[in-house]
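Have a look at the structure below before the remarks.
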Amino acid sequence: MGNTKVKVTNTDALRLKVIQEVMELDDDKLRELHDAMLLASTKKNPILYHLLHASADELNEKKSIYTTKEVMDEIDEEMGWT
């Protein structure tokens, strides 16, 4: 049982690291990563392929997109912390 906890913790740490690195990508690099993941997942993982495709569709619909910093700054402003 103890070994399972270590694996879960390591996996969670890896997920967090990946998310942090992806959040820092500029738009061009993010699109490159998306394209590479799309190619890799097409035949091997249809669920991942579908999720990536849906994300790209939302981006292409020109919906309003905000960075995490913009959202946090707006929250700070509304709370009167700035």
Side-chain angles (χ1 to χ4, degrees):
M1 278 288 202
N3 195 18
T4 302
K5 274 188 174 180
V6 171
K7 280 185 180 181
V8 170
T9 303
N10 289 342
T11 301
D12 290 344
L14 180 59
R15 282 189 180 113
L16 181 59
K17 183 170 176 44
V18 168
I19 289 169
Q20 288 170 334
E21 289 181 15
V22 169
M23 295 285 289
E24 294 175 8
L25 294 176
D26 63 22
D27 289 350
D28 292 334
K29 293 292 183 190
L30 185 59
R31 288 182 196 282
E32 285 179 31
L33 174 62
H34 178 268
D35 291 345
M37 290 179 68
L38 207 55
L39 286 172
S41 67
T42 301
K43 293 181 180 174
K44 295 179 183 175
N45 191 334
I47 294 170
L48 179 58
Y49 175 82
H50 175 72
L51 290 172
L52 290 168
H53 213 53
S55 298
D57 290 345
E58 286 181 17
L59 267 178
N60 291 330
E61 289 176 5
K62 306 288 185 214
K63 293 183 177 178
S64 296
I65 299 171
Y66 302 95
T67 64
T68 304
K69 181 175 179 354
E70 289 171 327
V71 172
M72 296 308 288
D73 288 347
E74 188 172 321
I75 290 171
D76 288 347
E77 185 177 316
E78 288 182 17
M79 297 296 287
W81 294 340
T82 57

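Owing to the predicted nature of the structure, the values given are computational and were not obtained by experimental measurement.
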Is it true that atom CG of Asp27 has more than 12 heavy atoms of other residues, nucleotides or ligands lying nearer than 6.0 Å?
-> no

Spacing of Glu70 atom CD and Glu74 atom CD [to the nearest 0.5 Å] | 9.0 Å

Beyond-backbone contact of Val18 with Glu21, side-chain heavy atoms, under 4.5 angstrom = no

Electrostatic pair Arg31-Asp28, nearest N-O below 4.0 angstrom | no

Do Ile19 and Leu30 sit in the same hydrophobic cluster, where Ile, Leu, Val, Met, Phe, Trp and Tyr count as joined when their side-chain heavy atoms come under 4.5 Å apart?
-> no

How many angstroms lie between CD in Glu32 and CG in Asp26, if you round to the nearest 0.5 Å?
-> 8.0 Å

Any Leu16 side-chain heavy atom under 4.5 Å of Gln20 side chain | yes

Applying the 4.5 Å side-chain criterion to the ILVMFWY set and letting contacts propagate, would Leu14 and Leu25 be lumped into a single cluster?
-> yes

Rounded to the nearest 0.5 Å, how far apart are CG of Asp76 and CE of Met72?
-> 6.0 Å

Same apolar cluster: Met37 and Val22, side chain cutoff 4.5 Å | yes

